[in-house]
Amino acid sequence: MTAPQMSDSFADAFRRALVTHVDAPTRVRRRQRRWVLGSAIAAVALLASTAAAAATGVLVLPGSTQVTPVSSFVTGTYVGTETVHLGPAPDDANGIVVSLHCLTPGDLGLPGGTVVTCAADDLTGSDVQPDFVYEVIPLTDASDGALIVTAPLESNWIVLAAYSTSSSSAWARNGNGESYGVISETGPPDLIAVRNADGATGYIRRTDLERAVGTVVGNSAAGPTDGITDLYADAASGSSLPLYDSDGTTQIGEFTHD
Amino acid sequence: MDATRIDEAALWERGLSGDGSAFGSIFDLHRGRVYRHSYRLLVDASEAEDATAIAFLELWRCRSSVRVVDGSVLPWLLVTATNSARNLNRGRSRYRALLEALPHESHHRSAEEEALNDVVADTQLAGALAQLSSTDLQLVTLVMIEGYSVSSAAPILGLSTGATRTRLHRARTALRRYLGHPTLALYLQSSLGDAS
């Protein structure tokens, strides 16, 4: 039979839009990732909504990526496009961890195409000291330790940058053989680490969450952490789920997503 | 076939690094299959176009964790298009500005298509597929309709091979019951048209 076809006009227009969309620089959504600054820096990627994002001190949860600075931080206030000099790289560095803070509205660009967008709204309000929003860039994007940050003329910004090393940990398994830890790029474990709105940290069962979501979370092509958490955050809103210890049987409370 | 796979693997590598033209070429490669699949679920040309577009936009957004099967992103696109079709409003809200700028033509079926539709009713198939659970629909899509092996489909759906076989058997039985058709595979293939 004659199979249905996408109309040529739609296909042509969408193809152009797709190419443009991909070619546009990546934009970092502020406040999506939370960091804990301590004696070591632990990046803990949990459910990326405000209520669920967990900061757990320097505790590194199974499955998370740990980024550790291996040099002292270079910091400074700059105006417009500038080069930040980090000096020679330590042998164990495999990246550069960078945090940018705007003092005036505008787009700050990092090597590799990442853009931090600062709207006027981001600069007002009570949250004077924003979360440590960071990006890890490869060493090759800053040859000889010269990190170029692009910014509009007369735009003011602060940088905090250091050489870093990143390592990922695997999910752990409890006595019942269930995996537990944070959602990673390979998807969610059996028990997903969360922090409740009241600060309690524990694990929710993936199957409970899928039932609450009632759709396709566990079945979707494993999207990125970002995609999975978006879906969870959208769909789990308002639902209340049992919060367990990592053994998956001891209930320690309820997890409610705002 | 090998040449196609190699080309696609190279395209995907370029696409991962943010090369828009590579994504354009991946769209050229798979738009037909993804659109037909979306149409099969939605039986509406404009909605199928949106679901297809969303799948390709998601391919970019989710690029860091897309599962590639035999050098191809097509299975991932099909699964994502299934989700897009079932959650069309959510996908549309994410890409509203981009989608609203695209032209939807008014689609008219030809007399030939109308006649064929009497033989292979799109709506009947869509109705049967709509009764499957999400996982079963993904399985039917990948294995029964698109011809991927159970072992290729299982990791995309986060299932073990054994569980996949069991579910597939149940899904096939359910679908046969919904369709009331004795030769299901033939029926599905006849609704696909040219599988290129």
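In this text the structure is predicted, and so the values were computed from the model without any measurement.
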**Prompt:** Which bit of B:Ala53 is near chain A, if near means a heavy-atom gap under 4.5 Å: side chain, backbone, both or neither?
**Reply:** both
**Prompt:** Any side-chain heavy atom of B:Leu59 sitting closer than 4.5 Å to one from B:Trp12?
**Reply:** yes
**Complete:** Checked B:Leu98, B:Leu78, B:Leu99 vs chain A; the most non-hydrogen pairs under 4.5 Å come from B:Leu98
**Asked** What part of B:Asp50 lies closer than 4.5 angstrom to a heavy atom of chain A: side chain, backbone, both or neither?
**Response** both
**Asked** Which residues pass the salt bridge (charged side-chain N to carboxylate O under 4.0 Å, His left out) test with A:Glu178, sequence neighbours left out?
**Response** A:Arg205
**Asked** Is there a side chain to side chain donor-acceptor pair (under 3.5 Å) between B:Ser151 and B:Ser149 once you walk through the steps?
**Response** CA-CA 5 Å; B:Ser151 55; B:Ser149 68; 3.2 Å; yes
**Fill in**
Under 4.5 Å to a heavy atom of chain A? For B:Ser25 that would be both
**Item:** ring-ring contact (aromatic ring centres under 6.0 Å, His included) partners for B:Tyr95, two or more places apart
**Value:** none
